[in-house]
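Encoded as structure tokens, the structure appears first; notes follow it.
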Amino acid sequence: MKKIGVFICHCGLNIAGTVDVKRVAREIEEIGDVVHSEDYIYMCSDPGQLLIRNAIREEGLDGVVVACCSPTMHEVTFRKAVKSEGLNPYVCEIANIREQCSWIHQGDKERATLKAGEIIRSVLEKLRQNETLETLAMPLTKRVLVIGGGIAGITASIDLADADYEVILVERQPSLGGKLLQLSQTFPHLDDSRYLLGPKRAEVRDHPKIRVMPYCEVDEVKGFIGNFDVRIRAKPTYVDWGKCTACGLCLEKCPVEILSDFERGLKTRKAIYTWAAPGDSGKPVIDPKHCRYLLDGTCTICQEACPEGAIDYQQGERFFEERVGAIIAATGYDLFPMERIGEYGYGKIPDVIDGLAFERMLSLSGPTGGEIRRPSDGRVPREVVFIQCVASRDPERYMPYCSRVCCMYTAKQAKLLKQKVPSAQPYIFFMDIRTDSKGYEEFLQGAIEEEELIYLRGRVARVFREGDKVKVWGDDTLTNRKVEIAADMVVLATAVVPNQGIEDLAAELRATTDKHGFLTEAHIKLYPVESPTKGVFLAGCGQGPKDITDTVAQASATASKIQALFSQDVLLQDPLVAFVDTEICSGCGICVQVCPYEAREMDEYRRISRVHEALCQGCGACIAACPNTACELRNSKAIQVFGMIEVFEAQQKRSLIDG
Amino acid sequence: MDERVAAFELPEREGRQTLLGEVQGRCGENLRLCYQCLKCTVGCPTAPHMDFSPNSIVRMIQLGLKREVLESNAIWLCVSCETCGTRCPNEIDIGLLMDALREISLEEGYRPKERGIVALHNAFMESIRRGGRVHEATMLMEYKLRSGDYWTDLIPGMKLFMKGKIPLIPGRIKGMDSIREIYRKAQEKVRREKG
């Protein structure tokens with residue numbers, strides 16, 4: 001490179017307030033191959049970019065260094081500007097003299113100025129060895145895999161299918177609907193969950209672009225953005241759904257009764273069962289853990305009862321291989337296992353239930369047909385205690401985070417309780433009330449005023465049985481009094497936790513989870529629906545506790561992100577990836593082991609390592625690990641990096657000599 | 001049931017609703033709206049001296065703790081400055097609430113925690129009834145007789161008297177008819193509400 005231009009930005013006073021930019025510009029201009037050096041108040045502004053473009057045109061620059069803020073801010077901006085003048089964008093480099101210089105050396109102008117000069121010199125050293133690179137173009141499969149058939153997965157599927165992309169919707173349970181299917185009416189407008197879900201489920205079922213795969217799980221994910229190869233495992237239902245007419249005879253005849261998960265233990269189901277109540281659900285499946293035929297072959301009643309001959313005990317797992325371009329993880333949530341919280345008596349006292357069980361009780365299609373009756377003796381309860389923040393906001397013993405939905409659903413449940421049982425008195429123990437969305441605070445205040453809810457600010461110390469009552473000892477910190485309530489029923493607002501198996505799925509997706517198991521986003525503010533793994537998107541409670549409103553918004557956001565991705569014919573990718581010097585590579589395979597993106601593989605024929613450029617994220621792990629420096633990173637080659645270090649080293653030596 | 005358990009029982013639901021209904025009916029304020037932001041208490045100049053802060057009083061009414069509320073000194077230490085009512089985000093006028101609580105407390109024969117304040121209040125009202133405006137000498141005499149506190153502020157009082165600041169003969173305003181009418185109407189209202 002013979003003609004380099006250096007452009008030094010003031011960033012208002014962000015840089016110029018600490019660095020003597022004029023002096024730096026003068027000093028840099030004296031370097032041999034720098035033919036242009038100037039400073040400007042905002043280099044990223046239109047006139048600032050014009051300075052760069054004019055200099056390229058008039059002085060025939062073949063390399064550009066912009067000394068400004070972090071490259072994450074404006075590298076793209078300046079590379080575009082350079083490209084518009086016909087230069088290769090990869091001969092434009094950023095020298096970060098804001099985050100790495102002016103911001104951290106305020107008050108020491110002399111040394112900050114010196115350091116800014118050094119940073120620019122080191123970047124010049126790198127630039128001199130830069131190659132011109134072309135953007136990588138990868139093929140793109142315009143199909144989507146949606147994992148999870150709750151309201152998040154359903155919403156995203158419909159959005160994408162309406163945009164004419166093929167969608168595969170995988171659901172672990174035998175029918176779609178997720179947790180929303182278990183709810184009664186939803187806050188703040190008390191819409192019935194069936195009213196919300198019914199049309200959506202029908203739309204998914206009938207949409208020609210959506211392939212619903214119920215009772216399936218994602219077994220294996222390989223590949224990368226644009227081309228994921230997914231293996232889906234269809235669990236054996238032991239019922240031929242092609243023949244089954246959902247007449248329900250098998251469900252009637254089956255002699256095995258166990259507590260229903262869907263009804264949160266308030267009702268029993270048979271060993272052959274449909275996920276939700278008939279009408280809400282699809283066709284039945286046989287639970288192999290409880291079916292007598294599958295356990296020891298002693299019973300074939302359902303097979304005999306089925307008029308269509310649909311029962312097939314021999315059915316096995318089936319696997320489907322699919323190629324998709326993007327994946328949405330909408331894996332949903334579960335509730336914290338309450339048996340682990342002794343002080344509230346859950347599991348020991350039948351009249352202590354969790355919020356989801358109460359939802360089932362409120363639901364018209366629930367185990368009580370929408371009537372509020374205590375589980376122990378079926379009596380209509382009068383005094384009902386609700387306890388909020390059960391296992392949430394307890395970093396010492398349980399979950400440190402706020403589960404976000406409990407404040408609102410507790411208020412809603414108390415309100416619905418009063419509407420169904422006007423003589424009931426709800427008591428709600430709380431720590432804070434969080435009503436952070438549109439219309440929520442108004443809903444809460446309205447409920448307190450109209451339904452005469454008693455909110456008690458304090459924790460519950462003990463829940464125990466006395467006669468047929470459930471005694472609750474608690475505290476009202478607003479009057480500083482101990483409180484005892486002889487309750488008929490206690491409802492616990494338990495913490496929202498990620499669904500089981502999320503870690504295994506995350507490992508398959510190469511997505512990350514936080515320490516509680518929630519899928520982590522690429523950036524909490526700027527990329528909240530993207531996983532750090534490109535092409536994997538996050539929607540719903542698998543990413544963190546949230547209400548239906550936020551879930552649907554997030555699901556639509558993932559769909560629109562994927563539409564933007566699919567609007568390209570090929571996938572363009574930065575070429576700043578690893579490459580292998582085939583002359584040096586000894587084929588030891590260490591790079592294959594260290595690569596976190598599965599971008600390295602062995603060329604079995606040539607016995608050397610190679611790079612899958614589409615997968616490589618340019619992290620540099622293989623470069624550090626390679627024992628004989630055969631791995632290099634484009635435009636960050638070892639010779640460039642050492643050149644940059646030498647600039648600083650030389651300066652340090654000079655200052656040692658100067659004393 | 002051991003004593004500790006008995007000590008922290010909430011009042012019966014009926015008791016709760018009666019107290020809330022009675023107080024709300026008398027002061028006309030909707031106490032269910034209170035969400036315990038504590039703006040009333042932080043603005044209250046006398047709250048530091050109260051046994052229960054104004055927000056606690058609202059809370060205790062909601063929970064039906066009748067005896068504690070009506071025996072508290074808080075209801076008597078309120079000076080009706082109306083800072084609380086002005087600032088309340090839910091438009092609850094706690095000044096009016098305190099008036100209502102004082103009334104109920106006196107009517108139902110609760111022994112006021114701050115007897116001096118009640119004595120001064122009554123002496124003040126009587127003085128107005130007599131002359132249409134406060135006559136300090138007779139009012140203070142009446143207050144001292146009512147409260148039994150003869151010695152407090154006697155010397156400053158004597159000094160004021162020597163400077164001629166406390167006239168001996170009570171004056172009368174012109175519109176005594178109107179004053180009598182106000183008292184008559186107020187008493188009639190109280191009688192009506194009681195009956």
Side-chain angles (χ1 to χ4, degrees), chain A residues 381-385 407 411 414-415 418 421-435 440-458 460-464 466-467 469 471-488, chain B residues 1-21 23-24 28-42 47 50-72 74-75 88-92 94:
Chain A
R382 209 169 108 95
E383 313 283 309
V384 181
V385 171
C407 285
K415 184 181 167 115
K418 280 290 282 188
V421 186
S423 67
Q425 177 61 60
Y427 303 84
I428 299 150
F429 283 94
F430 70 102
M431 292 209 279
D432 303 278
I433 305 180
R434 298 181 173 181
T435 52
Y440 288 9
E441 178 67 15
E442 295 90 321
F443 177 89
L444 176 85
Q445 292 304 333
I448 293 177
E449 192 190 346
E450 291 154 23
E451 309 297 348
E452 306 188 342
L453 314 180
I454 294 184
Y455 270 82
L456 297 157
R457 193 191 174 283
V460 167
R462 213 185 136 195
V463 176
F464 59 100
E466 196 173 276
K469 292 278 184 183
K471 283 274 167 111
V472 178
W473 282 3
D475 201 52
D476 180 53
T477 57
L478 292 169
T479 52
N480 206 8
R481 291 169 68 91
K482 300 262 182 230
V483 175
E484 185 195 271
I485 297 163
D488 298 305
Chain B
M1 206 191 276
D2 64 58
E3 264 180 41
R4 194 169 147 262
V5 177
F8 54 70
E9 224 164 344
L10 271 185
E12 276 304 302
R13 189 181 345 182
E14 284 66 29
R16 217 158 48 221
Q17 280 164 353
T18 327
L19 179 66
L20 187 66
V23 175
Q24 290 196 146
E29 301 300 298
N30 185 353
L31 301 182
R32 288 211 167 274
L33 293 175
C34 174
Y35 52 50
Q36 295 289 329
C37 70
L38 272 64
K39 281 214 94 153
C40 50
T41 297
V42 295
M50 291 177 176
D51 47 4
F52 298 109
S53 53
N55 67 292
S56 295
I57 292 287
V58 177
R59 183 74 186 154
M60 288 157 79
I61 296 168
Q62 287 176 346
L63 296 182
L65 307 174
K66 183 167 182 173
R67 188 176 50 80
E68 286 91 330
V69 170
L70 295 180
E71 281 183 356
S72 73
I75 61 174
C88 177
N90 288 312
E91 273 196 283
I92 301 171
I94 293 175

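A, B, ... follow the sequence lines: proteins, then strands. Residue 1 opens every chain.
With a 4.5 angstrom heavy-atom cutoff, B/Asn90 does not touch chain A via any of its atoms. Interface residue A/Gln445: only side-chain heavy atoms are found under 4.5 Å from chain B. For chain B, the nearby parts of A/Glu452 are the backbone and the side chain; heavy atoms of each come within less than 4.5 Å. Residue A/Asn480 does not touch chain B at all, counting heavy-atom pairs closer than 4.5 Å. Residue contact with chain B, scored on non-hydrogen atoms closer than 4.5 Å, involves the side chain of A/Glu441 exclusively.
The residue from A/Lys469, A/Arg462, A/Lys471 that alone fulfils the salt bridge (charged side-chain N to carboxylate O under 4.0 Å, His left out) condition with A/Glu484 is A/Lys471.
Residues A/Ala424 and A/Pro381 approach most closely at CB-O, 4.1 Å, considering heavy atoms. The shortest heavy-atom contact between B/Cys88 and B/Ile92 is SG-N, 3.3 Å. Considering all non-hydrogen atoms of both residues, B/Met60 and B/Glu68 come closest at CE-CB, 3.5 Å.
A/Ile433 CD1 to A/Arg457 CZ: the interatomic distance, rounded to the nearest 0.5 Å, is 9.5 Å.
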